[in-house]
Number of protein chains: 2
Amino acid sequence: MSGEFDVIARIRARAGTRSDVVLGIGDDAALLTPSPGMQLVVATDTLNCGVHFPAETAPYYIGWKSLAVNLSDLAAMGAQPAWCSLSLSMPQADDAWVDAFIDGFMALASMHGVALIGGDTTRGSLSICVSVIGFVEPGHALKRDGAKAGDDIWVSGTLGDAAAALSLWQSGQAMPAALRERLDRPTPRIALGCALSGIANACIDVSDGLLADLGHICKASGVGAEVDVDSLPASSTFFAFTGEDLETRRHLQAAGGDDYELCFTAPADAGRHVEDAARSSGVAVTRIGRITKAHGVRALLDGDAWQPISVGHEHFSG
Amino acid sequence: MSGEFDVIARIRARAGTRSDVVLGIGDDAALLTPSPGMQLVVATDTLNCGVHFPAETAPYYIGWKSLAVNLSDLAAMGAQPAWCSLSLSMPQADDAWVDAFIDGFMALASMHGVALIGGDTTRGSLSICVSVIGFVEPGHALKRDGAKAGDDIWVSGTLGDAAAALSLWQSGQAMPAALRERLDRPTPRIALGCALSGIANACIDVSDGLLADLGHICKASGVGAEVDVDSLPASSTFFAFTGEDLETRRHLQAAGGDDYELCFTAPADAGRHVEDAARSSGVAVTRIGRITKAHGVRALLDGDAWQPISVGHEHFSG
């Protein structure tokens, strides 16, 4: 079994480089040169085994996802990621596990030119805490508090796949690969987030569930929202999986978490700019509703109020 | 019992402010304005219950220490801290526990003008992951790799107190308050680290044990070290505790961890500058040895080689 310093050495050898990393892993702290004139954007998210991923998840996917959920937060700000740190707690050192974990983590990091600049490894329950630092031009960040009554509400990609995969997993059924990929290997919408800067009025990533996350935008902006539940975009695999069970479909799409798509609002006359941004980013976007003066998030079905079984999930609330 | 968002609200209300925090807790990520022309210094450290602190530690001290160990890393770089993030995993929400934890965390943060700018709360084994970001002038960081043969080796404050407290705790004995304070509420040597910038050639904070941490400097710098074991500075409480048991005293001072003092090297003719820096920072410093061309760290007792029972500690190595 390796000691802590061997684990660090294994990780350090894979950390990636950037010209703005003056000193990476190996000292008391990292030294970095920020881009002149840019604001820093910092996000931190922890994944705990059994809470945020099933214990039997392959380490490659745990590595990927622990970075992806943080990059997704930067995408939701319209920021370009640059550096990340990784704190890894695990019950015992396991070289093969660490190597596969870092394979997944760095596969995503290198796709976005992100360097791993520090962190630590400690003994404990399996838990991964990642921080990501990126840049945005001053005044260009996509915040939650900018939605305005009359804005269109948009969502990227498709909704419900990850929640469908999780429900299959939890009930011990086989999962179609396309759904499983969405749960295990979410795609942070970095390019779309950056392209929406200057177009969208507010943005959030869908991690707790669409209605819950849209609720955060509405609360921060002092507005409300109406969402047409049957307009929510779905993948063909998701359609095949849910079949004729429309209520399950609606619940998974409106209240299921872990999709890591972007939900954003933009002025009604900015539709063409939104679609141009989506095209240049290689991801589809769908208009799903409208921001209202009246507070609260209302899900509508053929114009009537519709209520999901549960709206998102809170940790500690069970 | 509170939900996750109530816990976040409790923490957010206490986060502190700085003019360079454009957007703090409450969005997908924080927005920060770095100081023009400065390098960023980033450290991350995790504390797990039962590994880094005994389960019965009071939450105030857990909060203090989880920030202190990170500020100590910045001190060892000669950096001025500015912002921190906090990821808190706990088995269940507990308002009184969180309030006391944040009391300790923010007591130290406000002493150093550090704002809490983000993080998350999740369900899991009790674990605290903190990241700290600070500034240093380009070229002024204290790194581990700058020690030169002939340098004096110095250490701040006193050594052994925290290890003595831990050994008493582990054997179920009463602890003198002065020792317990050193274990529970370590003092990051921020002012000293900043004052040593431009004077010291290399620096590290003593977390794993003096000889182990000095070994990191020697390895990074391609040099060795000789340390006079009986020159290590001790507090009067520590002297009273160890009494005539000189071997226990030496082992606790040379190999015990958790003191969070600075160990640094400086040219032999810089002694007066070192002492001026110490005086202006309000902390004592003691010369404990000399950097050598010959590799390895040698502990000496009256000029003869002396061997501690264990040299520092590694996680995963047990």
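Sequence lines set the chain letters: A, B, ... in the order given, protein chains first and strands last, and positions in each chain run from 1.
The most heavy-atom pairs under 4.5 Å with chain B, out of Ala76(A), Ala75(A), Gly118(A), come from Ala76(A). Contact count versus chain B (heavy atoms, under 4.5 Å) is highest, among Leu40(A), Thr33(A), Thr44(A), Val132(A), for Leu40(A). Counting heavy-atom pairs closer than 4.5 Å to chain B, the top-ranked of the candidates Gly134(A), Gly50(A), Gly119(A), Cys49(A) is Gly119(A). Taking Ile217(B), Leu31(B), Asp145(B) one by one and counting their heavy-atom pairs under 4.5 Å with chain A, the maximum is reached by Leu31(B).
Pairing each heavy atom of Met77(A) with each of Leu23(B), the nearest pair is CE-CD2, 3.8 Å. The two residues Pro34(A) and Met38(B) come nearest to each other via the heavy atoms CD-O, 3.6 Å. Between Val51(B) and Arg123(A), the closest heavy-atom pair is CG2-O, 3.3 Å.
Within the 4.5 angstrom heavy-atom criterion, atoms from both the backbone and the side chain of Thr46(A) approach chain B. At a 4.5 Å heavy-atom cutoff, the contact between Ala30(B) and chain A is made by backbone and side-chain atoms alike.
Side-chain atoms of Asp28(A) never come within 3.5 Å of backbone atoms of Leu74(B) as a donor-acceptor pair (strictly under, hydrogens ignored). Not a single donor-acceptor pair under 3.5 Å links the side chain of Asn48(B) to the backbone N or O of Thr122(A).
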Check the pair Ser125(B), Ser127(A) against side chain to side chain contact (heavy atoms under 4.5 Å, CB included), reporting the backbone distance first and the verdict last.
-> CA-CA 9 Å; Ser125(B) 306; Ser127(A) 174; over 6 Å; no
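Atom OG of Ser131(A) and atom CD1 of Ile133(B) lie 7.5 Å apart (nearest 0.5 Å).
Here Asp27(A) does not pair with Lys143(B) in a salt bridge; the nearest charged N to carboxylate O distance is not below 4.0 Å.
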